[in-house]
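Take a look at the structure below.
The structure presented is a predicted model; accordingly, all values stated were derived computationally and were not measured.
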Amino acid sequence: MSGARMLAIGAATALLWSTAVAQARGIVLAQRDQEGRLSAQVEGERYTFGSYHALLISVQRYQRPFAELKTPHRDTQRLQQVLREHYGFSRFTVLQDQQATRAGILQAIGAYRSILGDHDNLLIYFAGHGLKQDHGENEEGADYYWVPYDGTKEFPSWVAAVELRSLLRNIRARHTVLISDSCFSGGLLRGGVLTASAPKSVRSLHRKPSCQVFTSGGLEPVEDSGRDGCSLFAYHLTRRLEANDNAFMTLRGLAHAVTGDVSGALESRQVPELGPVRGARHEYGDFVFFRVRAPGARGARPVRVRQEGVPVGWVLPPGVERTPDGRFFSRGRDAAEMVLVEGARYLPRGSRDLVKIDPFLIDRFEVTNARLEAFLGANPRDIEGATALHRDGFAGKDQPAVAVRLALARNFATWAGKLLPDERTWEFAASYDPRRRVLRRYPWGDSFAAGGFRVVAHPPAVSAFPKDLSALGVRGMGGGVRELCELSPRDPSKGVVRGGTQFLLIRLDRLEQDVTYRAECQAGDAPTNVGFRCMLWLRRS
């Protein structure tokens with residue numbers, strides 16, 4: 001395949017990775033001690049992040065049968081510049097072409113076993129050819145390799161994924177990430193990808209060890225061209241790191257953003273993946289990129305940005321725009337109107353303790369059949385999860401997509417660059433009255449009769465009941481169809497159903513229209529009267 005970082009030996013399969021972003025709270029000033037360890041005041045105390053090391057490997061010149069590549073050297077040079085100038089990486093090892101032989105790569109990685117300790121962080125980046133060799137009828141019977149500078153057509157000259165995993169398992173760093181921009185690099189993490197997790201504090205994420213692989217694609221070829229002389233993956237990786245205006249960025253947050261950028265690029269056929277290294281010391285911590293210099297600034301403090309129409313100290317996430325009339329729209333694959341929920345401290349009903357919720361955006365309407373069909377057109381493998389699309393009375397473009405399994409709803413949200421709301425954010429958007437600073441019983445108020453509902457035989461259009469309007473301007477949270485949400489705390493095997501409905505009922509039930517109504521559901525459930533909507537957290541400036 002021309003222009004791709006691969007020698008194709010067998011078929012390719014892509015796995016979709018989803019995740020959620022965990023962002024730091026507050027602005028910090030970095031300090032470095034004589035050992036090169038970075039520390040900062042985080043959440044009320046001085047916290048040490050350790051030293052940051054990087055091994056950058058790039059191979060452009062190859063002998064036959066491997067074609068020469070154009071961008072690997074530029075990719076690693078750009079990444080080194082960003083890591084050094086903006087993230088406090090002070091110790092680099094760079095291998096290019098003749099230095100990046102099979103022996104050179106293995107020795108360089110192996111050397112970190114005696115160099116690094118429990119407080120250190122290691123990033124390994126490889127840009128070059130990758131390939132897979134089949135030994136059976138399925139992907140479990142395949143081996144995956146990097147092709148070094150001295151790689152020939154014989155597999156003993158390549159660097160095998162099993163060798164890399166073995167080396168990574170024996171490095172004592174608290175956090176290790178291997179980033180591979182090569183074809184079929186998803187083979188480095190066969191055995192499971194990381195799913196989204198609830199946001200946690202930077203300290204709790206950093207304290208737990210992690211050993212992860214972030215790849216430019218799954219089991220497919222990836223492109224050697226992109227923008228600014230870099231590959232598609234390297235361009236978006238360095239762009240996200242350089243443009244980040246938060247004090248900290250986690251690997252999972254970075255991977256989530258880069259995955260959306262790369263997979264959503266015009267004519268892109270690659271989907272980046274993130275996963276733990278099998279058998280390594282991975283306790284679901286995360287690699288933390290520590291911002292020591294703000295974008296375009298000389299100082300050590302990230303800047304705070306004031307964005308029109310958004311609470312002070314917060315900015316819109318990428319892909320969301322505010323129109324001149326003050327409305328918000330997601331402009332990516334899922335073009336949809338969203339409502340800004342500014343967040344507050346509030347007292348949940350039945351609780352004695354105040355709860356704080358940060359600002360977020362939530363879809364004004366439930367996901368319609370038209371929006372779901374756009375997703376299915378790009379992801380035909382998910383069509384089995386949409387069981388009601390072609391039934392009479394269910395297939396209207398403006399009707400909510402119903403009978404959707406939890407996995408499909410999550411996949412749609414990831415494809416759209418969004419999240420499923422958890423039940424706390426859903427209930428807040430449905431019931432909070434910012435003028436009175438209280439939670440309403442129903443989205444439209446405290447009187448059941450004010451909803452103006454009637455029992456219907458089929459899912460009503462998402463705009464069918466104009467009185468079903470929350471104080472924040474979100475439509476359809478008290479009627480229409482119920483909605484899938486994530487459990488909080490999250491359990492990947494389960495979801496929760498929230499909201500009221502007047503569909504498939506004999507009579508309306510006041511208790512079941514109440515915003516506190518909930519029912520847990522299993523991952524395989526697909527109730528005919530349940531749809532979903534998506535949300536996005538705002539970002540700290």
Side-chain angles (χ1 to χ4, degrees), residues 20-21 198-199 309-311 314 316-317 320 322 326-330 334 336-351 354-368 371 400 409-410 412-413 416-446 450-451 462-463 465-488 490 495-501 512-519 530-539:
V21 179
V310 177
W314 300 88
L316 294 175
V320 176
R322 181 178 182 270
R327 296 189 296 166
F328 297 89
F329 289 85
S330 57
D334 180 42
E337 185 177 0
M338 304 189 80
V339 173
L340 175 66
V341 180
E342 294 197 0
R345 293 185 182 274
Y346 69 101
L347 189 67
R349 284 194 291 175
S351 174
L354 285 173
V355 173
K356 180 179 182 292
I357 193 165
D358 290 334
F360 61 93
L361 293 148
I362 192 165
D363 288 349
R364 184 178 293 276
F365 299 101
E366 293 149 334
V367 173
T368 61
R371 290 167 64 187
R410 287 171 174 163
F412 175 94
K418 301 178 182 179
L419 300 166
L420 280 186
D422 62 24
E423 54 182 328
R424 182 175 69 104
T425 52
W426 187 95
E427 184 173 319
F428 186 82
S431 63
Y432 184 66
D433 183 340
R435 184 179 61 84
R436 298 165 55 206
R437 297 185 180 182
V438 297
L439 299 183
R440 295 172 168 181
R441 183 175 181 183
Y442 306 104
W444 54 85
D446 294 319
V462 294
S463 58
F465 292 93
K467 294 182 180 180
D468 186 3
L469 178 70
S470 79
L472 298 169
V474 188
R475 296 282 297 273
M477 302 187 87
V481 296
R482 305 194 196 281
E483 299 179 21
L484 281 173
C485 299
E486 299 282 12
L487 277 174
S488 183
R490 179 169 297 172
V496 64
V497 174
R498 300 300 303 263
T501 184
E512 292 193 1
Q513 309 297 125
D514 191 304
V515 293
T516 60
Y517 172 84
R518 67 187 301 277
V530 174
F532 69 102
R533 72 179 75 221
C534 300
M535 60 86 68
L536 274 171
W537 293 103
L538 265 63
R539 300 171 56 195

Evaluate the side-chain proximity of [Y] to [X]: yes if any heavy-atom separation is below 4.5 Å, no if none is.
{"X": "Cys485", "Y": "Thr425", "value": "no"}
{"X": "Glu342", "Y": "Trp314", "value": "no"}
{"X": "Glu427", "Y": "Arg518", "value": "no"}
{"X": "Val341", "Y": "Met535", "value": "no"}
{"X": "Leu538", "Y": "Pro311", "value": "yes"}

Backbone N/O of [Y] and side chain of [X]: donor-acceptor pair under 3.5 Å:
{"X": "Ser330", "Y": "Ala336", "value": "yes"}
{"X": "Asp433", "Y": "Val438", "value": "no"}
{"X": "Arg482", "Y": "Gly531", "value": "no"}

Is there a side chain to side chain contact (heavy atoms under 4.5 Å, CB included) between Val355 and Arg424? Walk through the geometry before answering.
CA-CA 10 Å; Val355 173; Arg424 182 175 69 104; 3.8 Å; yes
Hey, what do you get for [atom1] ([X]) to [atom2] ([Y]), rounding to the nearest 0.5 Å?
{"X": "Trp537", "Y": "Ile362", "atom1": "CH2", "atom2": "CD1", "value": "10.0 Å"}
{"X": "Leu536", "Y": "Asp363", "atom1": "CG", "atom2": "CG", "value": "8.5 Å"}
{"X": "Glu486", "Y": "Leu484", "atom1": "CD", "atom2": "CG", "value": "9.0 Å"}
{"X": "Leu420", "Y": "Phe412", "atom1": "CG", "atom2": "CZ", "value": "10.0 Å"}
{"X": "Thr516", "Y": "Arg498", "atom1": "OG1", "atom2": "CZ", "value": "7.0 Å"}
{"X": "Phe328", "Y": "Glu337", "atom1": "CZ", "atom2": "CD", "value": "10.0 Å"}

Exactly one of Lys467, Arg533, Arg364, Glu366 should register a side-chain contact (heavy atoms from CB on, under 4.5 Å) with Arg475. Which one does?
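The side-chain contact (heavy atoms from CB on, under 4.5 Å) with Arg475 is passed solely by Arg364 among Lys467, Arg533, Arg364, Glu366.
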Can you give me the closest heavy-atom contact between [X] and [Y], atom names plus distance?
{"X": "Phe532", "Y": "Glu483", "value": "CA-CB, 4.3 Å"}
{"X": "Phe365", "Y": "Val462", "value": "CD2-O, 3.6 Å"}
{"X": "Pro434", "Y": "Ala471", "value": "CD-CB, 4.0 Å"}
{"X": "Gly499", "Y": "Tyr517", "value": "O-CD2, 3.7 Å"}
{"X": "Leu316", "Y": "Leu361", "value": "CD2-CD1, 4.1 Å"}
{"X": "Thr501", "Y": "Gly480", "value": "OG1-O, 2.8 Å"}

